[in-house]
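Structure first, then comments.
Every chain is numbered from 1 and lettered A, B, ... according to where its sequence line falls, protein lines coming before strand lines. Since the structure is predicted, the reported quantities are computational estimates derived from the model, not experimental observations.
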There are 2 protein chains.
Amino acid sequence: MRNDQVFKALADPTRRKILRMLGRGEMSAGEIAESFPITGPSMSHHFSVLKSADLISGRRDGQQIVYSLNTTVIQDLMTVLLDTFKQEPIGEES
Amino acid sequence: MRNDQVFKALADPTRRKILRMLGRGEMSAGEIAESFPITGPSMSHHFSVLKSADLISGRRDGQQIVYSLNTTVIQDLMTVLLDTFKQEPIGEES
DNA sequence: TAGAGAGTTAGCCAATCATCTAAATGATAC
DNA sequence: GTATCATTTAGATGATTGGCTAACTCTCTA
């Protein structure tokens with residue numbers, strides 16, 4: 001896990017909102033982009049940053065790219081954060 | 001809570017290391033700075049960013065400034081992160 | 001009250017970042 | 001094949017960032 005890339009990816013509010021949207025289920029690049037006032041290429045850049053951080057994955061479905069949350073890496077992120085701040089693990093593995 | 005400031009504060013590895021050090025207990029600016037290869041003014045800048053995000057607080061003790069983790073805001077951060085990634089209805093975040 | 005120690009503030013600079021437009025790629029339909 | 005739709009890649013630009021040196025503030029002690 002590339003911590004630095006993950007935290008840098010989270011530093012942008014647009015990318016955090018993308019993650020929250022994908023938390024509800026997978027969506028195509030276009031569907032996601034509709035919710036933002038920025039251009040397609042800019043959105044594509046954000047997807048690319050999130051992919052590099054392994055926070056999301058994309059698969060092609062016809063003409064569209066469908067993105068989804070990479071929950072494994074997100075679990076790891078939580079672990080790192082808990083470690084960073086010395087909080088007690090929350091209801092961890094059984 | 002200023003989410004955007006918090007996430008931006010976390011985006012820098014030096015600042016994350018400062019937070020981990022303070023997780024073990026409060027330390028003076030000088031003690032913290034010893035662990036980094038950068039100048040005092042640059043360290044002071046990082047303390048300032050962390051203070052603006054309310055992640056740490058500093059109090060003067062004689063000639064030194066003693067910093068400590070602001071655990072309340074860190075609890076809030078955890079809540080926001082869980083909200084972001086736990087596939088629950090999304091609210092309005094920065 | 002002068003000097004030294006600990007940090008911060010001010011100002012500068014190079015690198016990175018988020019955004020844009022234009023052009024390219026990939027997939028589908030005619 | 002060619003047109004079209006969805007998305008990415010390339011290249012440019014202004015804003016932000018993290019680092020530096022110099023100068024300042026605050027506190028302590030002689």
Self-check item: DNA chain C-proximal residues of residues 36-45 of chain A, any heavy atom under 4.0 Å
Solution: A:Ile38, A:Thr39, A:Pro41, A:Ser42, A:His45

Practice problem: Check every strand shown and say whether A:Ser28 touches a base, only sugar-phosphate, or nothing at a heavy-atom separation below 4.0 Å. | Solution: sugar-phosphate

Quiz item: Could you state the interatomic distance from CG (A:Asp76) to OG1 (A:Thr71), rounded to the nearest 0.5 Å?
Solution: 10.0 Å

Quiz item: Relative to the 5' end of DNA chain C, which residue comes earlier, A:Asp61 or A:Ala11, by the nucleotide with the nearest heavy atom?
Solution: A:Ala11

Quiz item: So where does chain A start and stop touching DNA chain C, 5' to 3', when the test is distance under 4.0 Å to a non-hydrogen atom?
Solution: C:dC17 to C:dT28

Quiz item: Do B:Val49 and A:Phe7 share a hydrophobic cluster, counting only Ile, Leu, Val, Met, Phe, Trp and Tyr and linking them when any side-chain heavy atoms are less than 4.5 Å apart?
Solution: no

Practice problem: Answer yes if B:Leu10 and B:Ile32 sit in the same cluster of Ile, Leu, Val, Met, Phe, Trp and Tyr residues linked by side chain heavy atoms under 4.5 Å apart, and no otherwise. | Solution: yes

Going by atom type alone, with no hydrogens or angles, which donor-acceptor pairs under 3.5 Å involve a side-chain atom of residues 54-61 of chain B and a protein atom two or more places apart or on another chain?
residue: B:Arg59; atom: NH2; partner: B:Glu26; partner atom: OE1; Å: 3.2
residue: B:Arg59; atom: NH2; partner: B:Glu26; partner atom: OE2; Å: 2.4
residue: B:Arg60; atom: NH1; partner: B:Gly62; partner atom: O; Å: 3.1

Quiz item: Does anything in residues 12-49 of chain A pair up under ring-ring contact (aromatic ring centres under 6.0 Å, His included), and if so which pairs, sequence neighbours excluded?
Solution: A:Phe47-A:Tyr67

Quiz item: Rounded to the nearest 0.5 Å, how far apart are CZ of B:Arg20 and OG of B:Ser35?
Solution: 11.0 Å

Quiz item: Which is true for B:Gln63 with a 4.0 Å heavy-atom rule: it touches a base, it touches only sugar-phosphate, or it touches nothing?
Solution: base

List the atom pairs, with distances to 0.1 Å, where a side-chain N or O of residues 37-44 of chain B and a protein N or O form a donor-acceptor pair under 3.5 Å, not counting sequence neighbours.
residue: B:Thr39; atom: OG1; partner: B:Ser42; partner atom: N; Å: 3.4
residue: B:Thr39; atom: OG1; partner: B:Ser42; partner atom: OG; Å: 3.1

Quiz item: Same hydrophobic cluster for B:Ile18 and B:Val66, using side-chain heavy-atom links shorter than 4.5 Å among ILVMFWY?
Solution: no

Quiz item: Along DNA chain D, 5' to 3', what are the outermost nucleotides having an atom less than 4.0 Å from a heavy atom of chain B?
Solution: D:dT17 to D:dC28

Exercise. Before accepting this row, confirm whether a basic side-chain N of the pair B:Lys8/B:Asp4 lies closer than 4.0 Å to the acidic partner's carboxylate O.
Key: yes

Quiz item: Once you round to the nearest 0.5 Å, how far does OG of B:Ser68 lie from CG of B:Asn70?
Solution: 7.5 Å

